[in-house]
J.: 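A single structure is presented below for examination.
For this chain, numbers begin at 1 and follow the sequence in order.
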Amino acid sequence: MNTQICKPYRKTACFRFPSILFNETIAKQANRFIDRMPKPIPKAPMIEMKMNGVKVTIFKPKTKPNGILLYFHGGAFLCKAAPYLYEIIEQYCLQANCVVVFVDYALVPFPSPLLDAIQVLDYIKERSDLPLGVAGDSAGGCIAAALALYCRNHNIPLALQMLIYPVLDRKMRGESFQMKKTPSWNMKANAKMWARYSKNGDLGTPSYLSPMEEKKYGESSKNDHRSRTIRCAQRRWHRVWKMAL
């Protein structure tokens, strides 16, 4: 395992996610602070732009790329990407020799983050035939897994799915969820995260909200109406959220 990639992740072990961040006002203040934090000096070409209205940061390798990786950051669906993640993304770009599209998805409840991911996916598929992969850490891993299911249901081929300590199960089943005093993240914080992210319900698409609820991994649904449901809800939910923010 490459130590250059692993090193920035170690910083998360020193951080305990404070429950007070689930207060929306505090979260907004924290995100303004993150915006002011200096980012690492890039070694790879980096471009900021919008894809179908969604902000992204693109990292490009120095030679012809092997593919494109969509990356979704963690932060409990609440916090913006910390600067150390830019170091990691850059290493993925340079060492895998691929373009990395770092997605600045909406920090609001489901389904908006997934809808942003779909918008970016559509933009890329219309303009490139390079192999495509999805990846994410923590909450971003949930979005990446949901997007992978969406791709399967729409016969969009993926070359890679990379999930890094992802949150995938809103029902919080399993032995690890009984650990209440773990550093950095624990069951109490996890429950608050899911309560916020799922407060609008699953819109009839439980596995897009909580990927562990998928019943048929690896199988494609020919008559899949879930994506139609989630797309039809897009305009209505965005209008409600804009009024609330």
J.: Report yes if the side chains of Asp35 and Lys80 come closer than 4.5 Å at any heavy-atom pair, otherwise no.
T.: yes
J.: If the condition is ring-ring contact (aromatic ring centres under 6.0 Å, His included), which residues does Phe77 pass it with, not counting sequence neighbours?
T.: Tyr197
J.: Donor-acceptor pair, Arg127 side chain versus Tyr123 backbone, under 3.5 Å?
T.: yes
J.: Identify the heavy atoms of Ala117 and Ile143 that sit nearest to each other, and give their distance.
T.: CB-CG2, 4.0 Å
J.: What residues form a side-chain hydrogen bond (donor to acceptor under 3.5 Å, both in side chains) with Arg36, not counting sequence neighbours?
T.: none
J.: Centre of Tyr150's six-membered ring, under 6.0 Å away, within 45 degrees of the axis: is that where NZ or CZ of Arg152 sits?
T.: no
J.: Distance-only, no hydrogens or angles: does the Ser128 side chain make a donor-acceptor pair with backbone N or O of Leu130 under 3.5 Å?
T.: yes
J.: Is a donor from one side chain sitting under 3.5 angstrom from an acceptor on the other, for Thr57 and Asp104?
T.: no
J.: Quick one: closest heavy-atom pair of Ala189 and Phe22, and the distance?
T.: O-CZ, 3.5 Å
J.: Answer yes or no: does atom NZ of Lys62 have more than 12 heavy-atom neighbours from other residues, nucleotides or ligands under 6.0 Å?
T.: no
J.: Tell me whether Asn66 contacts the main-chain N or O of Ala96 through its side chain, where contact means a donor paired with an acceptor under 3.5 Å.
T.: yes
J.: Side chains of Tyr208 and Asn153 only: does a donor on one sit below 3.5 Å from an acceptor on the other?
T.: yes
J.: Just jot down the salt bridge (charged side-chain N to carboxylate O under 4.0 Å, His left out) partners of Arg170, sequence neighbours excluded, or say none.
T.: Asp202, Glu213
J.: Could you tell me whether a side-chain N or O of Asn190 sits under 3.5 Å from a main-chain N or O of Val167, the two making a donor and an acceptor?
T.: no
J.: In Å, rounded to the nearest 0.5 Å, how long is the span from CG of Leu85 to CD of Glu90?
T.: 12.5 Å
J.: Between atom CG of Leu149 and atom CD of Glu214, what is the distance when rounded to the nearest 0.5 Å?
T.: 5.0 Å
